[in-house]
Amino acid sequence: APRRFPVSFDKVFSATRHYIAPCSRKTLATAAVSTPHHHQLLYISNLVAGVSYGVFAGICQVSRRRNAELGLVGVLLFDGHRFCQLLEGPTEALARVRNSIVGDPRHEFMTVLVDRQHSGPATVPRWEAGYCGPDELELFLGADRAGPEQTMTRFRALIARSDLSP
């Protein structure tokens with residue numbers, strides 16, 4: 001089912017009329033996600049040595065609830081040692097979650113791969129999590145030299161190969 005936003009048609013129209021020409025309600029609802037208030041963050045980090053990889057289930061449970069409440073979508077991948085997460089949504093909500101992630105003692109060496117305002121549609125329709133192969137995240141270790149578009153193309157390909165659950 002399509003994701004519903006807690007916004008009326010009039011608010012969407014008034015917030016987006018200077019970005020797009022008048023069009024259908026469906027297009028306007030999509031435009032609300034695509035305005036400059038849509039932020040995109042992709043990072044990679046390591047699980048702290050000595051912390052059981054079993055913490056991933058708890059992280060997923062809390063993240064699924066919190067991200068839904070804040071209107072964030074994305075994908076969290078775990079290879080047993082590293083996390084790689086894409087988060088997309090309102091800038092303020094994403095900043096709040098980012099601060100929480102930075103302060104989380106279960107992971108370290110957070111490297112931001114993409115951090116930008118995003119004008120396109122969301123990469124995924126909801127927040128999901130899953131596992132990827134042990135070498136799958138290696139391709140992001142040098143990704144800080146790649147541009148955001150190339151990095152996101154790599155991540156979308158990784159999502160397609162990963163074992164995700166909503």
Report task. Nearest 0.5 Å please: distance from the CD1 atom of Ile101 over to the CE atom of Met110. Result -> 5.5 Å
Requested in this report: Report the C-alpha separation of Trp127 and Leu76 in whole Å, then their side-chain angles, then the decisive distance to 0.1 Å, and conclude whether the side-chain contact (heavy atoms from CB on, under 4.5 Å) test is met.
Outcome: CA-CA 8 Å; Trp127 189 85; Leu76 172 62; 3.5 Å; yes
Requested in this report: Measure across Phe155 and Leu77 and return the closest heavy-atom pair with its distance rounded to 0.1 Å.
Outcome: CE1-CD1, 3.9 Å
Query raised in the report: Out of curiosity, Thr111 OG1 to Tyr43 OH, how far, rounded to the nearest 0.5 Å?
Result: 11.5 Å
Report task. Would you please test Phe83 and Ile59 for side-chain contact (heavy atoms from CB on, under 4.5 Å) and show each step? Result -> CA-CA 11 Å; Phe83 300 97; Ile59 289 171; 3.9 Å; yes
Query raised in the report: Hey, are the side chains of His39 and Asp115 touching, using non-hydrogen atoms and a 4.5 Å cut-off?
Result: yes
Query raised in the report: Which value, rounded to the nearest 0.5 Å, describes the distance between Leu42 atom CG and Glu88 atom CD?
Result: 9.5 Å
Requested in this report: Please report the shortest heavy-atom distance between Pro134 and Arg82, naming the atom on each side.
Outcome: O-NH2, 3.5 Å
Under 3.5 Å, side-chain donor or acceptor atoms of residues 44-57 against the rest of the protein: list the pairs with distances, not counting sequence neighbours.
| residue | atom | partner | partner atom | Å |
| --- | --- | --- | --- | --- |
| Ser45 | OG | His107 | ND1 | 2.8 |
| Ser52 | OG | Gly54 | N | 3.0 |

Report task. Please report the shortest heavy-atom distance between Arg116 and Pro148, naming the atom on each side. Result -> NH1-CB, 3.6 Å
Query - No-hydrogen, no-angle side-chain donor-acceptor test under 3.5 Å, Glu136 and Ser162 - result: no
Query raised in the report: Between atom CZ of Arg156 and atom OG1 of Thr151, what is the distance when rounded to the nearest 0.5 Å?
Result: 10.0 Å
**Report entry** Residue pair Leu158 / Cys132: nearest heavy atoms and the distance that separates them
**Finding:** CD1-CB, 4.2 Å
Query raised in the report: Nearest heavy-atom pair of Leu87 and Leu94: which atoms, and what distance?
Result: O-CD1, 3.4 Å
Query raised in the report: Please walk me through it: do Thr123 and Gln40 pass side-chain contact (heavy atoms from CB on, under 4.5 Å)?
Result: CA-CA 9 Å; Thr123 304; Gln40 191 174 57; 3.6 Å; yes
Query raised in the report: At what distance, to the nearest 0.5 angstrom, does CG of Leu164 lie from OH of Tyr131?
Result: 11.5 Å
Query - Test side-chain contact (heavy atoms from CB on, under 4.5 Å) applied to Met152 and Leu86, step by step - result: CA-CA 9 Å; Met152 288 305 301; Leu86 169 69; 3.8 Å; yes
Report task. State whether the number of non-hydrogen atoms from other residues, nucleotides or ligands found under 6.0 Å of Glu108 atom CD is greater than 12. Result -> yes
Requested in this report: Provide the closest heavy-atom pair for Asp79 versus Gly133 in the form atom of the first, atom of the second, distance.
Outcome: CB-O, 3.5 Å
Query raised in the report: Got a sec, which residues hit side chain to side chain donor-acceptor pair (under 3.5 Å) with Glu69, two or more places apart in sequence or on another chain?
Result: none
Query - Straight-line distance of Gln85 CD to Leu41 CG, nearest 0.5 Å - result: 8.0 Å
